[in-house]
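Some notes on the structure that comes next.
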Amino acid sequence: MHAIGVDIGGTKIAVGVVDEDGKVLAQVRRETNADDVAHIDKAIADACNELIKEHEVGAIGLAAAGFVSPDRTSVNFAPNIAWREYPLAAKVAELVHADMPIVVENDANAAGWAEFRFGAGRDATDMLMLTVGTGLGGAVISERELVRGKWGMAAEVGHMRVVPEGHYCGCGHEGCWEQYASGSALERDAQHAAVARVDQAAHLLELAGGDPGEIRGKMVTEAAQEGDPLSIELLATLGRWIGEGSASVAALLDPELIVIGGGVGAAGELLLGPVRRGFEAQLSAMGHRPVATIELAHHGNEAGIVGAADLARR
């Protein structure tokens, strides 16, 4: 049975038809407004209705960046979208021109499931997935099962507190891991460096048209790949944060595999090297235990679509 997967972001959604082997057969996109939840509902339904006309599907999975209810019908809270106890599945069902199950999944859980089923983790039994994007999402696979927790909010690793009285987070607290180990953190640090270290930031400023506020994560990656020392340093700092935090998670979960997803993966070994070094530097009982393998995700931007569809099908 084919299923539709919907990856919902703050500014756009990606919607695709996925077969039983995790292959995306067709895909469409829509622009959205994070503050207008009714507009998001309509955009999702319009995209699904377009695909349903051309493909036979039996379920819809919605991958949402937020805290999802245990029954997988609602988003209880989202840091970057105006969802508060929001019955997302029911709202979308009212607008979809077909009667089929609609399931809401946390977006990182969906991406992690895609990697476990069809990507980097297909041979693993215990896996940690980190989605490094605007924020930091997590998914945990334990003994081949997706861990959701009692209230559906497990694996929100990005909101572990790592720096007391640190940077303010959209979740309402301060010092969360995602404020130091995310694409947003990379951009913030690069923009600050471009102001404080102008001479060293010449390459980044050139890419940003001379405006520090226009520096984006992909520019840091591009400059680092071209050998820019400041950009290499910025990626190393990001990687160290990811690795050290992963070691703390490993103390609790002991995964055999850690998969890094999100746009920062384009940096390759410039990121993974520091991640591995940070992980091993902080891993408890180092030298007396196996060390988890750390790899990049295979599915890229399609992971949320693939995972949401596969979970809805199940």
Side-chain angles (χ1 to χ4, degrees), residues 3-15 30-49 59-113 129 131 133-140 146-161 167-179 182 184 303-305 307-314:
I4 289 177
V6 183
D7 191 2
I8 308 169
T11 60
K12 60 183 179 298
I13 61 171
V15 186
R30 295 286 191 276
E31 300 298 315
T32 59
N33 181 345
D35 295 323
D36 187 345
V37 293
H39 180 263
I40 294 174
D41 298 339
K42 186 176 185 302
I44 294 169
D46 285 350
C48 290
N49 288 331
I60 297 173
L62 308 177
F67 295 82
V68 175
S69 63
D71 62 2
R72 297 188 290 161
T73 64
S74 304
V75 183
N76 291 339
F77 174 81
N80 302 308
I81 296 178
W83 287 321
R84 302 293 185 270
E85 282 73 43
Y86 193 75
L88 181 61
K91 293 288 187 179
V92 172
E94 292 174 358
L95 303 172
V96 171
H97 302 155
D99 184 15
M100 66 183 68
I102 300 179
V103 176
V104 184
E105 296 286 352
N106 172 269
D107 61 340
N109 279 350
W113 186 254
M129 172 81 175
T131 56
T134 302
L136 177 65
V140 171
L146 179 64
V147 177
R148 291 192 175 91
K150 175 65 176 179
W151 293 286
M153 299 181 185
E156 286 287 346
V157 294
H159 298 292
M160 298 190 309
R161 192 183 194 201
H167 291 297
Y168 181 77
C169 182
C171 74
H173 294 287
E174 298 173 341
C176 291
W177 189 18
E178 76 170 35
Q179 294 305 309
S182 64
S184 297
I305 294 173
D310 194 62
L311 287 164
R313 183 187 297 112
R314 289 168 172 264

> When rounded to the nearest 0.5 angstrom, what distance separates OG in Ser184 from CD in Gln179?
Replying inline: 7.5 Å
>> Using every non-hydrogen atom in the two residues, find where Ala154 and Gly149 come nearest and quote the distance to one decimal.
In response: CB-N, 3.6 Å
> How many angstroms lie between atom CD1 of Ile81 and atom CG of Leu88, to the nearest 0.5 angstrom?
Replying inline: 9.0 Å
> Rounded to the nearest 0.5 Å, how far apart are CZ of Phe77 and SG of Cys171?
Replying inline: 6.5 Å
> Taking side chain as C-beta onward, heavy atoms only, is Val15 less than 4.5 Å from Arg30?
Replying inline: no
> Going by an N to O cut-off under 4.0 Å, is there a salt bridge joining Arg148 and Glu105?
Replying inline: yes
>> Measuring only between side-chain heavy atoms, which start at C-beta, is Leu311 closer than 4.5 Å to Leu146?
In response: yes
>> Restricting to non-hydrogen atoms, name the atom on Gly135 and the atom on Ser182 that form the minimum distance, rounded to 0.1 Å.
In response: O-CB, 3.6 Å
>> I want to check something: taking the side chain as every heavy atom from C-beta on, are Ile60 and Val103 in contact at a cut-off of under 4.5 Å?
In response: no
> Looking only at heavy atoms, what is the nearest atom pair of Val104 and Ala64, with distance?
Replying inline: CG1-CB, 4.3 Å
> Considering only heavy atoms from C-beta outward, does the side chain of Ile40 approach that of Asn33 to under 4.5 Å?
Replying inline: no
>> If the condition is side chain to side chain contact (heavy atoms under 4.5 Å, CB included), which residues does Pro87 pass it with, not counting sequence neighbours?
In response: Ser74, Ala90, Lys91
> What residues form a salt bridge (Lys or Arg N to Asp or Glu O under 4.0 Å) with Asp7, not counting sequence neighbours?
Replying inline: none
>> If you compare all heavy atoms of Ala308 against all heavy atoms of Gly5, which two are closest, and at what distance to 0.1 Å?
In response: CB-CA, 4.3 Å
> Would you call Phe67 and Val75 a side-chain contact if the rule is heavy atoms closer than 4.5 Å?
Replying inline: no
> Distance-only, no hydrogens or angles: does the Asn49 side chain make a donor-acceptor pair with backbone N or O of Leu95 under 3.5 Å?
Replying inline: yes
> Can you name the closest pair of heavy atoms from Val157 and Trp177 and give their distance?
Replying inline: O-CE3, 3.3 Å
> Taking all atoms of both residues into account, what is the closest heavy-atom pair of Gly138 and Asn109, and its distance?
Replying inline: O-OD1, 3.6 Å
> Just wondering, do His159 and Glu178 contact through their side chains at under 4.5 Å, heavy atoms?
Replying inline: yes
>> Can you tell me how far apart CG (Asn106) and CG (Leu62) are? Round to the nearest 0.5 Å.
In response: 12.5 Å
> Can you tell me how far CG of Asn76 sits from OH of Tyr86, rounded to the nearest 0.5 angstrom?
Replying inline: 13.5 Å
> Could you give the distance from CG (Asp41) to CG (Asp46), rounded to the nearest 0.5 Å?
Replying inline: 10.5 Å
>> Using the rule given for side-chain contact (heavy atoms from CB on, under 4.5 Å), can you reason through Trp113 versus Asp310, listing the C-alpha separation, both sets of side-chain angles and the distance that settles it, and then say yes or no?
In response: CA-CA 8 Å; Trp113 186 254; Asp310 194 62; 2.7 Å; yes
>> So, using side chain to side chain contact (heavy atoms under 4.5 Å, CB included) as the criterion, who are the partners of Ala65 when residues are at least two apart?
In response: Asp107
>> Quick check against the 3.5 Å criterion: does Thr32 have a side-chain atom that pairs as donor or acceptor with the backbone of Lys12?
In response: yes
